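What follows is a short report on a single structure.
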Amino acid sequence: MPSYRAPGRANLLGEHTDHTDGLVLPAAIDRAVTLRAMPGGDRVRLRSAQADGEVDVAADGSEPGEGWGRFVAAVAAELAEIGRAPVGLVGELSSDLPQGAGLSSSAALEVVLAMALADLAELQVAPLELAALCRRAERRAVGVPSGIMDQAASILGRRDHAVLLDCGTLEHRLVPLPVDHSLLLLDSGVRRQLETAGYGRRTEELAAALPVLSGRRPADVDPSELTELLANLDDVPSRRLRHVITENARVRAVEAALANGDLAEVGRLFAEGHASLRDDFEVSVPQLDALVELSTDAGATAARMTGGGFGGSIVVLAPTSTAVALGDEVAERYRERFPGHEATVHVCDAADGAARID
Ligand code: GLA
């Protein structure tokens with residue numbers, strides 16, 4: 001039976017830059033959603049090892065679906081719009097990617113579905129076209145005005161590499177990660193659905209500041225211009241824009257630091273990025289701040305929150321030889337600091353992007 005696999009992602013730097021066509025540096029991780037499916041009929045009928053019940057929607061996406069069925073219907077509808085024949089399928093999903101942890105489980109679901117539905121209907125879709133389609137499906141399903149990063153990372157990822165993607169031009173290149181390091185994802189256990197959180201509000205607050213750029217995108221503005229540009233803006237839009245302009249600059253800087261093997265500089269840029277998300281973009285929570293602090297104290301090379309924020313996970317670069325011990329120590333300190341809260345540690349590697357795997 002055909003099988004397809006789409007990984008989650010950890011964004012290393014470039015947070016909340018994709019929705020204004022900026023630079024991001026995510027890696028696909030070795031945790032994924034897998035779909036085994038057979039073509040047939042005119043319905044998409046899916047079971048999931050992780051969720052109750054069956055999803056059963058029209059293969060042309062003409063019915064909205066409920067729960068995670070909304071994503072299935074939205075992907076089918078987007079594919080129908082680019083000419084997919086309404087070939088149905090019967091399949092089973094399984095996943096070792098934690099849900100709601102800020103590691104893009106919904107993007108991985110969209111990508112695995114899109115890949116299978118296109119393939120089983122013999123429709124060719126270019127990788128970044130598929131990512132854009134899945135981004136539209138996300139918006140159609142749950143109304144979140146997200147950028148293209150998560151879907152693109154799930155598709156473009158490569159083992160041992162991050163992907164530097166310009167979300168405006170869609171130019172991208174692979175960035176090798178330090179060979180003796182692992183990616184540690186520490187899930188705070190704080191759950192906030194993107195659709196009900198401040199994601200949309202943040203994009204609106206940022207939009208209020210953009211006119212001062214006279215049509216330029218934040219990624220094309222040098223941070224040395226900030227004082228002048230922000231002078232006439234109110235406090236909130238000013239801080240939102242400052243985050244995005246400095247964050248784009250940090251992505252360029254971290255690519256150079258990784259190329260030079262300057263891990264101290266990588267750590268400094270992660271710390272600066274986290275502080276900017278906490279103070280200027282205001283999408284962190286005390287639990288994420290604590291995890292970053294505890295990881296740094298425990299000897300991490302670099303640590304920051306990852307993803308949209310308001311809960312979810314932090315990403316840590318740590319020497320592979322000490323990664324497990326570091327994760328255990330941080331989890332213990334976190335328990336002491338937030339009684340009743342548990343951090344879940346995932347020791348990951350950067351992995352290949354989505355593919356048919358049979
Ligand atoms: C979520 C969105 C992405 C991106 C990040 C923040 O993961 O889905 O498009 O905006 O938040 O960087």
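Read the numbers this way: they start at 1 and go in the same order the structure lists the ligands and their atoms. Nothing here was measured: the structure is a model prediction, and the numbers come from that model.
On a distance-only criterion, S104 and ligand 1 share no N/O pair closer than 3.5 Å. Between I148 and ligand 1, a contact under 3.5 Å exists for no N or O pair. The shortest N/O to N/O separation between D150 and ligand 1 falls below 3.5 Å. Of the polar atoms of H19, none of the N or O atoms is found under 3.5 Å from an N or O of ligand 1, judged by distance alone.
For the side chain to side chain contact (heavy atoms under 4.5 Å, CB included) with L269, the lone residue among L13, L258, D262 that qualifies is L13. Each of V33, L89, L35 was compared with L113 under the side chain to side chain contact (heavy atoms under 4.5 Å, CB included) criterion, and only L35 meets it.
Here the shortest heavy-atom pairing between A32 and P7 reads CB-CA, 3.7 Å.
Taking the six-membered ring where tryptophan is involved, the planes of H243 and F281 are tilted, since the angle between them lies from 30° to 60°. Ring geometry for H16 versus Y199: interplanar angle of 30 to 60°, hence tilted.
Every atom of ligand 1 is numbered from 1 in the order shown, and the set under 4.0 Å from a heavy atom of G147 is 9 (O). Residue contact check: M149 has heavy atoms under 4.0 Å from atoms 4 (C), 5 (C), 12 (O) of ligand 1. Near D18, with a cut-off below 4.0 Å to any heavy atom, the atoms of ligand 1 are 3 (C), 4 (C), 9 (O), 10 (O).
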key: Verdict with supporting geometry, S276 and R242, side chain to side chain donor-acceptor pair (under 3.5 Å)   = CA-CA 8 Å; S276 180; R242 183 167 60 192; over 6 Å; no

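At a heavy-atom distance under 4.0 Å, only side-chain atoms of R9, from C-beta outward, approach ligand 1.
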